[in-house]
Amino acid sequence: AQSVTQLDSQVPVFEEAPVELRCNYSSSVSVYLFWYVQYPNQGLQLLLKYLSGSTLVKGINGFEAEFNKSQTSFHLRKPSVHISDTAEYFCAVSVYNTDKLIFGTGTRLQVFP
Amino acid sequence: GAVVSQHPSRVICKSGTSVKIECRSLDFQATTMFWYRQFPKQSLMLMATSNEGSKATYEQGVEKDKFLINHASLTLSTLTVTSAHPEDSSFYICSARDFQGSSGNTIYFGEGSWLTVV
C-alpha cells in the first residue's frame with residue numbers, strides 16, 4: 001500500500017520569502033508524484049507532476065519540486081511567494097499505470113504581507 | 001484544455017432524501033472517473049472508481065448502496081447519495097484522465113460539489 005505524509009499542516013510565511021512544503025511517501029512499487037493546489041471553495045488544480053526523467057520538476061506559478069528516491073521525498077518549493085499563493089497544497093501519489101490518487105493530509109500555506 | 005465539470009456546485013437537501021451529483025468530462029472521453037470526498041480541513045479520500053459500462057469499484061468502508069455511482073457514458077458519471085444524513089455533508093470531488101491529451105498522464109479534477117444535509 002502507498003501512503004503520503006505531509007508533516008506540516010500549516011506554513012506561515014511573509015510575502016516574497018522562499019517556502020518549502022514537505023512531502024514524503026511510502027511505496028513498495030514505482031509511483032508517480034503530484035502536487036495539487038486548492039483555493040478556498042474550489043476544486044484541485046495540478047501544480048506539477050513527476051513521472052520519470054529529471055528529478056527536478058517545474059510547475060505553474062513558479063513552483064518546483066524535486067524527487068528524491070533515496071529519501072522518498074517530493075518537496076515543493078518556491079523562491080518568492082505572493083499573497084495569491086495562499087491556499088491548501090496537497091501532495092499525492094499514484095501507482096504506475098493506475099489513476100487512483102493517494103493524497104497527503106495537506107499543508108495550508110498562509111502568505112502574509 | 002481538458003476540463004471536468006461538476007454540477008451542482010452546492011446543494012442542500014433534507015435528511016432522508018437523495019441527491020445526485022454529476023461529473024462531466026467536457027473535452028474528452030473518460031472511461032474511468034474517480035469520486036473523492038473531503039471533510040472540512042481534511043484531505044481527500046477516494047470513495048470509488050467509476051467505470052463506464054460496468055459497476056463501480058468501491059474503496060473499503062464506503063457503502064455502495066448509499067453512494068450509488070452510474071457511469072452511463074464516456075463523458076458522464078453520477079454520484080447519488082441515497083437517504084442522506086447530516087454526516088454525509090461534505091465536499092465531493094470527481095476526477096478523470098484525458099488519455100489522448102497532450103499532457104498524457106494528467107488527471108483533471110472537477111470544481112467539487114458541496115453537499116449540506118439538514
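Residue numbers begin at 1 in each chain, while the letters A, B, ... track the order of the sequences.
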Per-residue contact mode, L44(B) against chain A (heavy atom under 4.5 angstrom):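 Both backbone and side chain.
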
Name the region of E59(B), side chain, backbone, both or neither, that has any atom closer than 4.5 Å to a heavy atom of chain A.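 Looking at E59(B), just its side chain touches chain A.
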
Quick check: under 4.5 Å, non-hydrogen atoms only, which of residues 102-113 of chain A neighbour chain B?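 Answer by number: F103(A), G104(A), T105(A).
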
State the CD-CD distance between E88(A) and Q38(B), to the nearest 0.5 angstrom.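 If we round to the nearest 0.5 Å, E88(A):CD and Q38(B):CD are 7.5 Å apart.
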
Taking atom NZ of K66(B) as the centre, does the number of heavy atoms from other residues, nucleotides or ligands within less than 6.0 Å exceed 12?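 Counting neighbours around NZ of K66(B), more than 12 heavy atoms of other residues, nucleotides or ligands fall under 6.0 Å, so yes.
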
In this structure, are over 12 heavy atoms from other groups packed under 6.0 Å from H85(B) atom NE2?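 For H85(B), atom NE2 is crowded (more than 12 foreign heavy atoms under 6.0 Å).
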
Count I, L, V, M, F, W, Y as connected when their side-chain heavy atoms are under 4.5 Å apart, and connections chain through other members. Are [X] and [Y] then in the same cluster?
| X | Y | result |
| --- | --- | --- |
| V62(B) | I69(B) | yes |
| L47(A) | Y25(A) | yes |
| L51(A) | F90(A) | yes |
| F63(A) | L21(A) | yes |
| L76(A) | I60(A) | yes |

Can you name the closest pair of heavy atoms from L101(A) and F109(B) and give their distance? CD1-CZ, 3.6 Å

Within-4.5 Å side-chain heavy-atom neighbours: Q38(A) and F91(B): yes

